[in-house]
Amino acid sequence: MREIIGNARPNISQLVDRIIGTRPDQPIGSELIRSWREQIKTQVVTGAGFAYEGYIRLKLASDFAPSSPTCSLAFAAFPRNLNSHA
């Protein structure tokens, strides 16, 4: 696990630096933090490509019982193959 995190750290640092940078003259409030989070999330999803679909499926499967109505609706709404919706 440490090796995986260690290998990912440089890419994560670059992403954060690119979006946040240094802003010593700007007060840091909740709106600014929210904006940073959304920008980083967008970049991560875009960078992950098809891997993100697998992550979403695993997340749904771990958060909901497979037979629950919420899980069934979520899987039905999420495309099995992103290429089919291009």
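Computed from a predicted model, the values in this text were never measured in an experiment. All values below come from the heavy atoms of this structure, side chains included, with hydrogens, waters and symmetry mates left out. Counting begins at 1 with the first residue of the sequence.
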Review point. Of Q39, E38, R37, which meets side-chain hydrogen bond (donor to acceptor under 3.5 Å, both in side chains) against S35?
Key: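 Filter result, single survivor: Q39.
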Check your understanding: Among all residues two or more places apart in sequence or in another chain, which pass the side-chain hydrogen bond (donor to acceptor under 3.5 Å, both in side chains) test with T42?
Key ->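 Applying side-chain hydrogen bond (donor to acceptor under 3.5 Å, both in side chains) to T42 gives none.
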Review point. Between atom CD1 of I4 and atom CZ of R2, what is the distance when rounded to the nearest 0.5 Å?
Key: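 That separation rounds to 13.0 Å.
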Review point. Do the non-hydrogen side-chain atoms of R18 and L15 ever get within less than 4.5 Å of each other?
Key: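 With C-beta onward as the side chain, the pair touches.
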